[in-house]
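Heads up, the thing below is written out as structure tokens.
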Amino acid sequence: MAKPTYSTPLGMVDILPDETPIWRALEQMIHEEAAKFNFQEIRTPILEPTELIKRGVGQLTDIVTKEIFAFQKGDTHYVLRPELTAPVVRSYVQHHLDQRGGVQKLYYIGPMFRAERPQKGRQRQFHQFGLEVIGSADPIADIETIAFMMRIYERIGIKNFTLKLNSVGDPESRERYKQVLRDFLEPHRSELSELSQTRLDKNPMRILDSKEPEDQPFIEQAPVIQDYLNEDSALHFDQVCKGLTALGISFELDPYLVRGMDYYTRTAFELSSPDLGSQDALAGGGRYDLLVEEIGGNPTPAVGFAAGMERLLIACDELGISLTQDNTLDVYIVCLGDEARHWGLSHVAKLRAKGYSASMDYIGRSMKAQMKEANREQAKYTLIVGEQELENQVFVLRNMSESTEESGSFEELIHKLQS
RNA sequence: GAGCCCGUAGCUCAGUCGGUUAGAGCGCCAGGUUGUGGCCCUGGAGGCCGUGGGUUCAAUUCCCAUCGGGCUCCCCA
């Protein structure tokens with residue numbers, strides 16, 4: 001604190017050894033569930049071309065206008081990725097994954113970066129997992145995407161949440177609706193919030209998402225997109241709703257749900273939790289049937305979601321859910337004297353070769369200190385080795401939780417470990 | 001981009017109406033138990049009281065600035 005020190009950049013944290021087991025448990029769970037759904041993992045670079053993110057996410061979005069970390073090397077402009085849908089689609093196009101036939105079912109886990117003011121549940125480097133189904137316009141793809149998302153929270157035991165669902169329409173429906181919405185709001189332009197006034201010209205649907213008090217009366221009376229969906233989009237949305245209901249996934253229809261990225265079409269959804277405080281979105285996603293083409297690929301329908309891992313862990317914390325079991329150290333070899341330490345060094349190796357975890361003192365401490373350490377590390381057993389034991393080749397195996405001891409040769413005691 | 005709150009030991013936090021060597025609990029180390037952990041007892045290490053400046057005989061305390069952290073608005077994971 002006093003001396004010159006270095007620390008993590010604003011809004012970024014170290015994940016210390018106390019925390020890493022929780023992260024690994026969560027990651028493992030995601031890998032397992034993805035395997036059950038037959039999704040394949042994709043890993044892409046942390047940096048992406050600025051232009052990709054601008055085109056993909058949208059020039060006017062908050063993410064692009066004020067939240068990206070951008071820098072330049074030579075003539076090339078890069079950003080730290082703020083989300084992964086556009087990069088995954090870039091990869092899909094770049095590597096011609098469409099030529100592999102069928103639908104690409106991809107999932108990812110990794111860090112994202114947004115240059116916002118940090119607060120609870122919001123960091124500048126945060127982690128998301130998510131998936132992208134590229135190449136299907138069928139409602140089944142939407143339903144499976146949501147089902148996967150819900151499965152993760154179900155498995156962890158988080159139940160206190162709301163799934164909000166909406167359709168933001170296909171381009172034709174949306175253009176029609178935007179016009180209707182503009183016509184409705186234009187007469188009240190001067191009464192709207194400043195932000196909403198600019199959005200009225202550029203992206204009127206985002207006004208529905210506004211939380212400014214002065215906007216609320218108009219939002220409540222505004223026409224609803226459901227009434228302007230064309231037959232295809234209405235049918236698609238209906239099938240998604242019915243499919244979710246058939247799977248026992250409950251949801252709320254929210255005609256005001258408009259997500260922050262420009263690429264969404266038709267299905268949009270968001271999962272929020274009252275256990276998170278102000279930043280209450282656990283996960284969100286939707287369909288993006290135009291993005292692949294926008295980024296340079298063939299017209300290809302797709303749907304996906306992303307979930308915040310820090311927020312998931314906050315929810316676990318609030319609910320008292322533990323993702324980890326106690327760590328397991330099988331044997332701590334307590335060594336008394338130099339000769340015993342040499343013996344210990346070769347025998348931790350033998351234990352590990354047999355598949356047990358084993359550790360010993362590295363700094364020549366007293367027996368008491370070694371026992372304390374074994375206790376702190378929650379060792380199941382200590383193996384006690386001193387001069388007598390070496391002479392007789394008879395060692396003491398102490399069961400730490402039961403405070404019982406047995407003696408025998410090293411081989412006999414290893415055999416005891418198995419029971 | 002805007003608002004509010006907070007910086008004292010590894011952690012959580014007392015304290016000083018300005019006045020000798022700045023405290024507690026937990027944690028860490030050691031001893032009590034010359035070869036046995038957790039419980040208990042005793043002792044120890046560990047602080048430029050975030051940083052810089054000002055006021056003062058004297059500042060960890062008061063004032064200003066600055067840096068760092070937290071929460072909130074906006075928006076999102």
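Within every chain, numbering begins at 1; the chains are lettered A, B, ... in the order of the sequence lines, protein sequences first and strands thereafter.
- Rounded to the nearest Å, the gap between the P atom of B:rA9 and that of B:rU60 is 15 Å.
- Taking only distance into account, the side chain of A:N375 never meets the base of B:rG38 through a donor-acceptor pair shorter than 3.5 Å.
- On the C1' atoms, B:rG7 is 25 Å away from B:rU21, given to the nearest whole Å.
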When Watson-Crick pairs (N1 to N3 and N6-O4 or O6-N4) and G-U wobble pairs (N1-O2 and O6-N3) count only below 3.5 Å on both distances, what is the dot-bracket string of RNA chain B, with | for other-strand pairs?
(((((((..((((.....[...)))).(((((.......))))).....(((((..]....))))))))))))....

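- Listed here is the closest heavy atom pair of A:P139 and A:V240: CB-CG2, 3.9 Å.
- Rounded to the nearest Å, the gap between the C1' atom of B:rC49 and that of B:rC6 is 14 Å.
- Among the protein residues, A:S403 comes within range of the nucleic acid bases, having at least one heavy atom under 4.0 Å from a base atom.
- Rounded to the nearest Å, the gap between the P atom of B:rU61 and that of B:rG54 is 14 Å.
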Atom pairs, N/O to N/O, protein against nucleotides 33-35 of chain B, distance under 3.5 Å?
unit_1: B:rG35; atom_1: O6; unit_2: A:E389; atom_2: OE1; d: 3.2
unit_1: B:rG35; atom_1: N1; unit_2: A:E389; atom_2: OE1; d: 2.8
unit_1: B:rG35; atom_1: N1; unit_2: A:E389; atom_2: OE2; d: 2.7
unit_1: B:rG35; atom_1: N2; unit_2: A:E389; atom_2: OE2; d: 2.6

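- Annotation for A:I249 and A:F251: closest pair O-CD2, 3.5 Å, computed over non-hydrogen atoms.
- The base of B:rU36 is paired with the side chain of A:E405 by a donor and an acceptor separated by under 3.5 Å.
- Regarding A:K372, its NZ atom lies at a distance of 9 Å from the C1' atom of B:rG37, rounded to whole Å.
- When atom types are taken as modelled, the side chain of A:E318 and the backbone of A:A315 share no donor-acceptor pair closer than 3.5 angstrom.
- Between A:L16 atom CG and B:rG10 atom P there is a gap of 15 Å when expressed in whole angstrom units.
- Judged purely by distance below 3.5 Å, without hydrogens or angles, the side chains of A:Q388 and A:N392 never pair a donor atom with an acceptor atom.
- Between the side chains of A:N399 and A:S401, at least one donor-acceptor pair of N or O atoms lies under 3.5 Å.
- Between A:F148 and A:F37, the angle of the ring planes goes over 60°, which puts this pair in the perpendicular group of the 30/60° scheme.
- One atom, CG of A:D361, and another, P of B:rC29, lie 11 Å apart when rounded to the nearest Å.
- For A:R398 against B:rG37, a side-chain N or O and a base N or O form a donor-acceptor pair under 3.5 Å.
- The six-membered or imidazole ring of A:F71 lies away from that of A:H77, with a centre-to-centre distance of 6.0 Å or more.
- The aromatic rings of A:W343 and A:F410 stand perpendicular to each other, their planes meeting at an angle above 60°, with 30° marking the opposite boundary.
- No contact: A:A379 has no heavy atom under 4.0 Å from any strand.
- Of the N and O atoms on the side chains of A:D142 and A:H236, at least one donor lies less than 3.5 Å from an acceptor on the other residue.
- By the side chain to side chain contact (heavy atoms under 4.5 Å, CB included) test, A:S409 is found to be paired with A:E411, A:E412, residues two or more places apart in sequence or in another chain being considered.
- Between A:M400 and A:R365, the one whose closest nucleotide on RNA chain B sits nearer the 5' end is A:R365.
- Summarising the geometry, the separation between CD1 on A:I363 and C1' on B:rC29 is reported as 10 Å, rounded to the nearest angstrom.
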Could you run down the sub-3.5 Å N/O contacts of the protein with nucleotides 44-46 of chain B?
none

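- B:rA59 sits 13 Å from B:rG53 when the C1' atoms are compared, rounded to a whole Å.
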5' to 3', nucleotides 69-77 of chain B under a 4.0 Å protein heavy-atom cut-off (B base, S sugar-phosphate only, - none) gives S-BBBBBBB

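- The P atoms of B:rG31 and B:rG47 are separated by 23 Å, rounded to the nearest whole Å.
- The aromatic rings of A:F395 and A:H347 sit tilted, their planes meeting at an angle between 30° and 60°.
- A:E132 and A:Y288 share a side-chain donor-acceptor pair at under 3.5 Å.
- In terms of heavy atoms, A:Q128 sits closest to A:G308 at CG-CA, 4.5 Å.
- Defined by atom type and a distance below 3.5 Å, a donor-acceptor pair is present between the side-chain atoms of A:S233 and A:R266.
- Partners of A:K354 under the side chain to side chain contact (heavy atoms under 4.5 Å, CB included) rule, at least two apart in sequence or in another chain, are A:Y356, A:I414.
- Atom C1' of B:rC28 sits at a distance of 30 Å from the matching atom of B:rC67, rounded to the whole Å.
- Here the C1' atom of nucleotide B:rU36 and the OH atom of A:Y381 are 17 Å apart, to the nearest Å.
- Here, B:rA45 and B:rG25 have their P atoms 15 Å apart, quoted to the whole Å.
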